[in-house]
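I have placed the structure first, in the form of structure tokens, so that the comments after it can refer back to it.
Quick note: numbers below take in every heavy atom, side chains included, and nothing from hydrogens, waters or symmetry partners. Please read these numbers as outputs of a predicted model, since none were measured by experiment. Residue numbers start from 1 in every chain, and the chains themselves are labelled A, B, ... in the order their sequence lines are given, proteins ahead of strands.
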Amino acid sequence: LLFSQRVLLLVASDVDALCACKILQALFHCDHVQYTLVPVAGWQELETAFLEHKDQFKYFVLINCGANVDLLEILQPEEDTLFFVCDSHRPINVVNVYNDTQIKLLVKQDDDLDVPAYDDIFRDEEDEEEDSEHESDGSEPSEKRRRFEEEVIERTMKRRQRREWEARRREILFDYEQYEYHGTSSAMVMFDLAWIMSKDLNDMLWWAIVGLTDQWVQDKITQMKYVTDIGILQRHVSRHNHRNEDEENSLSIDCMRIAFEYDLRLALYQHWSLYESLCNTSYTSASLKLWSVQGQKRLQEFLADMGLPLKQVKQKFNSMDMSLKENLREMIEESANKFGMKDLRVQTFSIHFGFKNKFSASDIVYATTSLMENIEKEGHETTNFIKALDSLSRGNLDKLHQGLDLAKKQLRAIQQTVASCICTNLVISQGPFLYCSLMEGTPDVKLFSKPVSLCLLSKYLLKSFVCSTKNKRCKLLPLVMAAPMDVEQGTVIMVGIPPETESSDKKNFFGRAFEKAAESTNSRTLHNHFEMSIIELKTEDRSKFLDALISLLS
Amino acid sequence: MPIRKHSQHVKLFKNKGKDETTLRRQRVEVSVELRKAKKDEQILKRRNISIHVKEENPSLGRDRADEIIQPSLEEIVEAVNGDDTQLQLLATQATRRILSRHKDPPINQVIELGIIPRMVEFLGRTDNAALQFEAAWALTNIASGTSEHTRAVVEGGAIPAFISLLSSPHMHISEQSVWALGNIAGDGPLYRDALIARDVIPPLLALVSPATPVGFLRNITWTLSNLCRNKNPCPPLDAVQKILPVLIFLLQHEDKDVISDSCWAVSYLTDGCNDRIQVVVETGILPRLVELMGSPDLNVMTPALRAIGNVVTGTDQQTQDAIDAGVLTVLPHLLRHTKPVIQKEAAWTLSNIAAGPSQQIQQIITYGLLPPLVEVLDKGDFKAQKEAVWVVANFTTGGTVDQVVELVRSGVLKPLLNLLLAKDSKTILIILDTISNLFLAAEKLGETEKLCFLMEELGGLEKIEDLQNHENDTVYRAALNLIEKYFSGEENTDLEPQTGQDGLYDFSVEKQDFNF
């Protein structure tokens with residue numbers, strides 16, 4: 001992976017991609033590789049960026065985009081153009097998998113890809129030609145000819161076999177492409193690369209951790225996958241941070257240390273008040289059903305059970321009594337168990353910058369996401385991206401704090417929207433799936449025109465809905481959520497998410513379903529997002545699109 | 001093999017020495033090689049087929065294995081030589097089956113069993129059509145192999161047996177015999193003429209009727225084409241004259257394969273001395289062939305073009321007959337064809353017309369062939385370019401001064417000079433010859449200096465100068481000769497501003513054409 005030429009880095013807008021990008025930038029820096037970074041939010045931007053730069057660049061690195069489509073087909077690159085694709089989107093397009101000249105995939109060896117066998121999906125050109133019977137090439141007739149066994153029968157057999165092969169191919173590809181899901185975090189893959197090259201640093205490791213945590217926060221991977229990957233990273237963490245353990249007191253002010261922790265699954269609590277965090281964390285809020293009066297009562301009981309005075313709980317976590325904080329985790333866990341919240345404890349990592357600043361990995365994810373999807377200041381399109389990227393550097397605490405503030409706003413907005421959707425019964429069962437549409441004018445609705453925020457909202461809403469409904473069947477349904485995207489253009493953004501169940505494999509079939517529904521109704525849709533289950537759609541086409549989706553999935 | 005016009009023909013217009021004749025002969029050799037290479041290519045293709053098919057064969061074989069148990073070779077010999085007709089049939093069928101499989105048919109082993117004479121005997125069992133058919137098929141496949149394989153069949157006495165089976169009341173048997181005879185005829189002139197001597201032609205032609213099924217007709221046409229094929233010697237004239245009317249009938253058929261093989265047959269018949277060409281021309285088939293030359297189907301266009309190309313290697317009158325049939329209206333399209341082979345053959349055809357008298361050269365101009373010719377010279381496939389160089393060479397040799405001026409005006413010079421960079425010294429020599437022809441014409445007009453100037457402007461002089469370093473001695477001498485004769489010393493003195501007094505032949509007019 002040593003380049004003598006400039007490289008174009010195309011990076012998608014998600015935290016895992018940012019983390020992978022940071023690692024790669026550090027590696028490039030190490031090896032004095034020149035590069036140009038272009039953030040791409042969707043397919044259109046990817047295409048434009050490629051067209052703009054294809055004359056100056058031969059090497060393109062794609063992070064968290066590009067794996068799940070036929071890149072050569074879409075971009076029509078020159079033959080000497082080379083793509084390095086590091087993308088957690090699955091399934092990987094089969095053409096990308098089997099192209100070994102122009103497309104290099106960075107994938108973890110042990111990732112289970114289940115790619116169909118080459119022979120099952122590709123046929124050599126020669127065979128094709130032959131099936132079109134004797135081709136017309138104007139060659140002289142042969143001098144002698146042998147008569148073969150029942151030529152007619154053979155030809156029809158051949159044709160039949162070809163038809164069967166094609167049917168099988170369709171079936172295999174259908175199975176393979178039916179569900180969208182995510183593989184190993186790109187940041188982790190990139191870190192692996194650094195490690196193999198013996199160029200891994202503690203900073204890179206932290207970015208890998210944040211990348212993985214992003215996948216977990218966004219609910220992109222299974223609990224099982226998360227725990228496995230945490231285990232892998234934990235080994236790296238102890239390798240990089242062990243020397244500090246016995247000399248903890250000698251830590252300098254700007255030193256950074258990563259530690260593995262069993263922490264509370266409470267969003268941002270160390271930078272908030274415990275009370276706010278409990279209210280705005282999806283897990284606690286859904287479990288306690290905080291949108292109802294009884295829910296609020298349950299919260300009081302829960303706090304009382306822990307024996308925490310309300311005054312203490314509502315003030316800044318930093319300012320809480322040290323005595324209370326000492327056994328806080330154990331106390332909370334114990335009470336949470338009584339209230340049916342058995343999974344409040346999670347395995348994660350935290351980072352210390354000197355003595356003063358401590359952040360958990362999820363803090364960083366929330367902060368970075370909010371910076372990336374910040375809607376307050378409409379600066380240049382890429383400003384948010386650059387800011388978010390910068391906030392990941394250890395020197396940029398002010399940007400990080402700004403991100404944390406935005407994240408609090410975002411979580412509050414999500415929680416309020418969830419509560420209002422549940423209380424006003426906005427989630428309706430459409431038969432094969434649940435549906436919820438945010439109206440124009442709803443508070444914070446602008447925030448949810450952004451894909452990551454909308455996905456988070458959808459996931460929190462579905463969790464809460466599952467806790468609130470008594471309808472057993474509805475508990476098992478996936479959710480489709482729509483929010484206004486651009487009022488002037490009359491478009492909505494729509495996302496589909498898989499059902500919220502214990503054993504969920506996090507596989508999402510909405511990508512294909514959206515495609516089919518759009519096709520059959522001629523709806524004006526735009527599959528612009530790297531996540532296939534997010535689409536943009538003309539508002540007036542929405543109802544016919546939904547009707548098609550319902551009949552398709554029934 | 002089609003050949004370039006006979007050397008006498010060339011000498012008539014060229015008045016050149018031995019060099020020219022040797023050049024031509026070499027060209028024939030090259031084209032022989034090419035055709036051969038093409039055939040090899042095709043063989044390769046056929047092998048591809050069998051390789052591919054083998055995958056599917058197991059399942060096919062399995063199906064059949066359920067019904068029939070394949071006997072061993074020993075069992076086959078025993079049964080074939082025995083008296084039980086049922087066993088004879090089964091064994092013959094088994095033999096036919098193993099010879100029909102796509103992969104490695106055991107032709108040699110079957111021959112070594114010594115059962116061919118017995119199989120030939122089965123051909124005569126008019127009481128047992130099934131046995132006749134199986135034996136015919138098996139023998140067909142043995143004859144489809146090498147010359148040695150074919151010989152084994154012939155020496156087993158198969159020729160008269162198959163010829164009499166042509167008149168079998170069972171159509172599938174007669175069709176199989178046509179196929180077998182085609183394989184024997186395709187082996188070469190010896191067996192071809194042996195068949196003709198046994199009077200194969202009348203019963204074969206009798207099978208052709210408007211009611212004959214297309215598949216059968218294809219087999220007959222192919223066998224007929226093999227009876228017309230090969231030289232040294234050519235097929236007997238009376239045989240050809242018997243076959244021709246039927247071929248002409250077949251050329252009107254609607255089936256592309258029938259037409260294609262008929263065209264190939266005609267192309268074989270025209271590939272010979274002028275007397276043989278004459279026999280074909282006299283049938284009046286040329287217009288139809290020209291029509292087929294314009295067919296979109298490559299399998300039809302290629303042999304039709306080959307046949308017409310052969311005709312114009314003939315006498316001036318024969319060439320004129322082809323021109324009258326419209327060949328010059330079709331050639332522009334073929335010169336621009338996407339397939340290099342077609343371009344090449346079209347250019348070859350044109351080169352032979354350009355070797356004709358100036359009236360025919362005039363028709364080349366009139367029918368607008370110069371623009372496509374320049375295109376081929378400029379951007380065509382290299383083999384086509386080489387043929388196009390021949391067109392220009394012949395044109396400048398036999399054309400009048402006016403015609404040569406017309407040629408230069410069409411922009412031929414620039415691409416022609418570019419081809420001096422070719423790696424092929426024969427081509428370079430022809431071009432140098434052509435240049436010298438151009439100077440001869442210019443001299444007659446008193447425009448030598450203008451041509452010099454034009455040459456220099458188009459970078460020709462530089463290229464010719466470079467050729468003095470060429471490794472080939474003949475090229476070196478030819479280049480040197482041109483330089484010494486036309487480009488030595490004081491050429492630059494009063495050249496540029498001079499406009500032609502006799503505006504008619506002013507070469508400077510041509511310059512504008514080039515810029516365009």
Query - Residue of the set A:Arg147, A:Arg145, A:Lys144 for which side-chain contact (heavy atoms from CB on, under 4.5 Å) holds with B:Asn141 - result: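 It is A:Arg147; the other options fail the test.
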Requested in this report: Answer yes or no: is there a donor N or O on one side and an acceptor on the other, between the side chain of A:Arg146 and the main chain of B:Thr140, under 3.5 Å?
Outcome: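 Flag not set: sc A:Arg146 to bb B:Thr140 has no pair under 3.5 Å.
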So for atom [atom1], which belongs to [X], do other residues, nucleotides or ligands contribute more than 12 heavy atoms lying within a distance under 6.0 Å?
X	atom1	answer
A:Glu78	CD	no
B:Glu148	CD	no
A:Glu79	CD	no
A:Lys58	NZ	no

Requested in this report: Any chance you could measure B:Leu298, atom CG, to A:Ser139, atom OG, to the nearest 0.5 Å?
Outcome: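 Interatomic distance, B:Leu298 CG to A:Ser139 OG, rounded to 0.5 Å: 9.0 Å.
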**Report entry** Nearest atoms (heavy-atom pairs only) where B:Trp222 meets A:Ser142
**Finding:**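 Heavy-atom minimum between the residues: NE1-O, 2.9 Å.
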Requested in this report: Please report the closest heavy-atom contact between A:Phe148 and B:Trp137, naming both atoms and the distance.
Outcome: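 Closest approach of A:Phe148 to B:Trp137, heavy atoms only: O-CZ2, 3.3 Å.
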Which portion of [X] sits near chain A, non-hydrogen atoms under 4.5 angstrom:
X	value
B:Thr146	backbone
B:Leu99	backbone
B:Ala143	backbone

Query raised in the report: Going by heavy atoms in the side chains, are B:Tyr268 and A:Glu140 under 4.5 Å from each other?
Result: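 Heavy-atom side-chain distance check passes, below 4.5 Å.
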Report task. Output all residues satisfying side-chain contact (heavy atoms from CB on, under 4.5 Å) with A:Glu52, sequence neighbours left out; order by chain, then residue number. Result ->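 side-chain contact (heavy atoms from CB on, under 4.5 Å) check on A:Glu52 returns A:Thr48.
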**Report entry** Option that, when pairs with chain A are counted at under 4.5 Å, heavy atom only, ranks first among B:Asp187, B:Val300, B:Asp261
**Finding:**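 It is B:Asp187.
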